[in-house]
Number of protein chains: 2
Amino acid sequence: MKAADKAKHRTDMISSALRSAILERVLMPGMKLPEDSLGERFGVSRTLIRQSLERLAAEGLVELRRNKGAMVAKPSLEEARDLFELRTQIEDLVISRVIKNMSPALLAELEGHLAKEVAAEHASEPISIRLATEFHILLAKLSGSPVLLRYVEEIGYRCGLTLSLYARPHSTDCGIQEHRQIIEALSKGDADAARKLMRHHLTAVADRALFTTEEGGPLLYLDALEPYAKKVRDGGA
Amino acid sequence: MKAADKAKHRTDMISSALRSAILERVLMPGMKLPEDSLGERFGVSRTLIRQSLERLAAEGLVELRRNKGAMVAKPSLEEARDLFELRTQIEDLVISRVIKNMSPALLAELEGHLAKEVAAEHASEPISIRLATEFHILLAKLSGSPVLLRYVEEIGYRCGLTLSLYARPHSTDCGIQEHRQIIEALSKGDADAARKLMRHHLTAVADRALFTTEEGGPLLYLDALEPYAKKVRDGGA
DNA sequence: AGTGGCGAAATTGCATGCAATCAATTATAC
DNA sequence: GTATAATTGATTGCATGCAATTTCGCCACT
C-alpha cells in the first residue's frame with residue numbers, strides 16, 4: 001500500500017461532513033448534537049463522533065459543555081467582529097507570502113478556483129459562501145506556511161458560520177468580482193494593491209453582514225443531515 | 001456546585017502535564033508516547049491519554065502517525081523558521097491591541113510577571129524558557145482577543161519546543177532585559193517602539209537559536225515523567 | 001397558582017475488550 | 001550468503017458497557 005495517506009480515518013470524514021453541514025446551514029447554530037443520534041446516523045459508535053465533535057470544538061464550530069453535550073456554536077456579534085478584524089490582519093500576511101511565491105502554476109490554480117465560483121454563482125447561497133471561503137483557504141495554502149493555513153482555515157470556517165448567522169442573502173454577489181481583482185493584483189506582483197483589495201473585500205463582507213441581528217429562523221432537525229451521513233457510511237470523501 | 005468550571009476534566013490536566021513535560025525537556029523530541037504506558041503512569045485508561053495526545057497533536061507538540069503511535073514532535077529547521085517568522089508577525093498584532101487596551105492594572109500584571117521571570121533567572125533553563133513563553137502569552141491575553149490568544153499560545157509552545165531542540169544554553173539571559181524594554185514602551189503608549197522591540201526580540205531569539213543543529217542528546221525515559229504524573233493522580237492542577 | 005423537592009430518563013465520562021495494523025525477527029528458499 | 005516470506009509481538013482503531021451527572025417532568029406543599 002504505497003498510497004501514503006490514502007484513506008483518511010473515519011473521524012476525518014465525519015468531521016468534514018459535520019463541518020460542511022454546519023457551514024451550509026443544515027445544522028443551525030444552537031442545535032444540539034447528541035453523540036448517540038449522530039453515531040446512529042453515521043453508522044459508527046459514539047467514540048468517533050466524540051472525537052469529531054472535539055475536533056470541531058477546537059476549531060470553534062461547536063461548543064462542548066461539561067455534561068450537557070455538544071451544540072453548534074453560536075458566536076456573539078462581539079466575537080464575530082473580533083474574528084473579522086483578526087482575519088483581515090492574518091490575510092494580510094497571506095498576501096505577502098503568496099506574492100513571494102508567485103508563479104504561473106500558482107496563478108492557474110487561483111483562476112481555476114475562480115472559475116468554480118463563477119460556475120456556482122447561481123447555486124444555493126450556502127454553497128457560494130463555502131466556495132468563497134475556500135478561495136481564501138486556497139490562498140493560504142499557496143502561502144506555503146502550514147500553520148498559517150490552519151489559522152486561515154479555522155478563522156474562515158468560523159467567519160462562515162457567523163455569516164450564516166447574521167448575514168442577509170445576496171451578500172456574496174460582489175464577492176466574486178472582488179476575488180477576481182485580487183487575483184489580478186497578485187498576478188501583477190502588486191502586493192500593496194492586493195492587500196488593499198483584500199482588506200476592502202473583508203471589511204466589506206463584514207460590514208454587509210454584521211449589523212443585522214434578527215434572531216431565530218427555523219431550526220432544522222438532524223434529519224437534514226442524512227445526505228452527509230450517507231456519504232460517510234458509503235465511504236465517500 | 002456553583003463554581004462554574006471548577007474542576008477541569010482530567011483530560012485537561014493530563015494535556016497540561018504532558019505539555020509542561022515536553023516544554024521542560026523532560027520528554028525529548030522523538031520520544032515515543034505509547035498510550036498504555038502513559039495511562040498506567042497517570043492512573044487512567046488509554047481513552048484519556050488518547051484524547052490528550054490528540055489535543056497536543058492539534059497544537060503541533062506531538063506527532064500522531066497512522067498506526068505507529070505518538071511521539072514528541074521534532075520540528076524541522078524549516079518549519080521552525082516559518083514558525084518564528086509567523087510569530088513575529090502575529091505578535092505585531094498583539095502589540096497593536098494591547099496598546100489600545102493599555103491601563104495601569106494591565107501594566108501591573110505585566111510587571112508582576114516580569115518579577116517572576118527575574119526571580120527565576122537562575123533557575124533551570126527549561127523553566128526560564130517556560131516563563132519567557134508565558135510572558136508572550138500574557139500579552140496575548142491582555143490583547144482581549146480569545147482567538148489571538150490561542151494562536152499565540154500554540155505558536156509560543158511550538159517555538160518553545162523548537163528552542164529546546166536547537167538552542168544552546170544561555171539563550172534567555174538577555175530575554176528578560178528585552179521583555180522589560182517592551183513593557184516600558186507599552187507603558188509610554190509607544191506602539192511603534194514596542195513593535196520594533198518585539199520584532200527585534202523575537203528575531204534575536206530565533207537567530208541565536210536556529211543555527212545550531214547538533215543532534216542527539218540523552219533520550220530520557222518515561223520515568224522522568226513521574227512527578228508530572230503524580231500531580232495528576234493526586235488531583236492537582 | 002406558584003414553588004420546592006424528588007425520581008426517572010437522557011446523555012456524557014471513562015474503562016475495557018477485541019480486532020486490525022504495523023514492525024521486527026526468524027525461518028526458508030535460492 | 002542473501003533475499004524473500006511468514007510469524008510474533010507490540011500498539012493503535014473502534015465498539016461497547018457501566019457509572020456519574022445533568023435535566024426535566026411530576027407531585028406534594030405552602
Side-chain angles (χ1 to χ4, degrees), chain A residues 1-18 27 30-58 61-73 219 221-222 225 229 232-235, chain B residues 1-18 27 30-58 61-73 219 221-222 225 229 232-235:
Chain A
M1 188 185 293
K2 204 67 294 161
D5 299 274
K6 183 201 65 174
K8 299 168 70 167
H9 279 210
R10 275 186 281 175
T11 301
D12 294 316
M13 298 183 195
I14 296 173
S15 322
S16 299
L18 286 176
L27 299 174
M31 269 187 69
K32 285 209 68 180
L33 302 170
E35 296 176 355
D36 283 357
S37 336
L38 290 177
E40 216 170 310
R41 251 181 209 290
F42 282 97
V44 301
S45 80
R46 292 179 300 143
T47 308
L48 297 191
I49 300 294
R50 171 188 294 248
Q51 281 184 0
S52 305
L53 289 177
E54 243 158 70
R55 198 174 299 185
L56 293 175
L61 288 184
V62 318
E63 276 170 44
L64 222 46
R65 267 135 73 188
R66 220 136 321 281
N67 280 302
K68 278 185 46 178
M71 60 177 240
V72 182
L219 274 201
Y221 276 25
L222 253 48
L225 242 191
V232 171
R233 284 201 304 272
D234 300 350
Chain B
M1 189 183 295
K2 204 71 285 164
D5 299 275
K6 182 201 66 172
K8 301 170 70 169
H9 279 215
R10 272 185 284 176
T11 301
D12 295 316
M13 297 183 197
I14 296 173
S15 323
S16 299
L18 286 176
L27 300 173
M31 269 187 70
K32 288 209 66 180
L33 300 170
E35 295 176 356
D36 280 349
S37 335
L38 289 177
E40 215 171 311
R41 254 186 204 286
F42 282 97
V44 301
S45 81
R46 294 176 301 146
T47 308
L48 299 191
I49 300 294
R50 172 188 294 252
Q51 283 184 0
S52 305
L53 288 178
E54 245 157 68
R55 198 173 300 183
L56 293 176
L61 288 185
V62 319
E63 276 170 42
L64 221 47
R65 266 135 74 183
R66 236 351 123 242
N67 280 300
K68 277 185 46 178
M71 60 178 239
V72 181
L219 274 201
Y221 277 24
L222 253 49
L225 243 191
V232 171
R233 284 201 306 273
D234 301 349

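Proteins come first, then strands; the chains are lettered A, B, ... in the order of their sequence lines, and each starts at number 1.
- Looking at residues two or more places apart in sequence or on another chain, you find a salt bridge (Lys or Arg N to Asp or Glu O under 4.0 Å) between B:E35 and B:R50.
- Every residue two or more places apart in sequence or in another chain was checked for a side-chain hydrogen bond (donor to acceptor under 3.5 Å, both in side chains) with B:E54, and none qualifies.
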Could you run through nucleotides 8-14 of chain C and give me one letter per nucleotide, 5' to 3': B if any protein heavy atom sits under 4.0 Å from the base, S if only the sugar-phosphate is that close, - if neither? ----BBB
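- Applying the salt bridge (Lys or Arg N to Asp or Glu O under 4.0 Å) rule to B:E63 yields the partners B:R65; only residues at least two apart in sequence or on another chain are considered.
- For A:R46, there are no side-chain hydrogen bond (donor to acceptor under 3.5 Å, both in side chains) partners two or more places apart in sequence or in a different chain.
- In this structure, the CE atom of B:M71 is 21 Å from the P atom of D:dA10, given to the nearest Å.
- Applying the side-chain hydrogen bond (donor to acceptor under 3.5 Å, both in side chains) rule to A:S15 yields no partners; only residues at least two apart in sequence or on another chain are considered.
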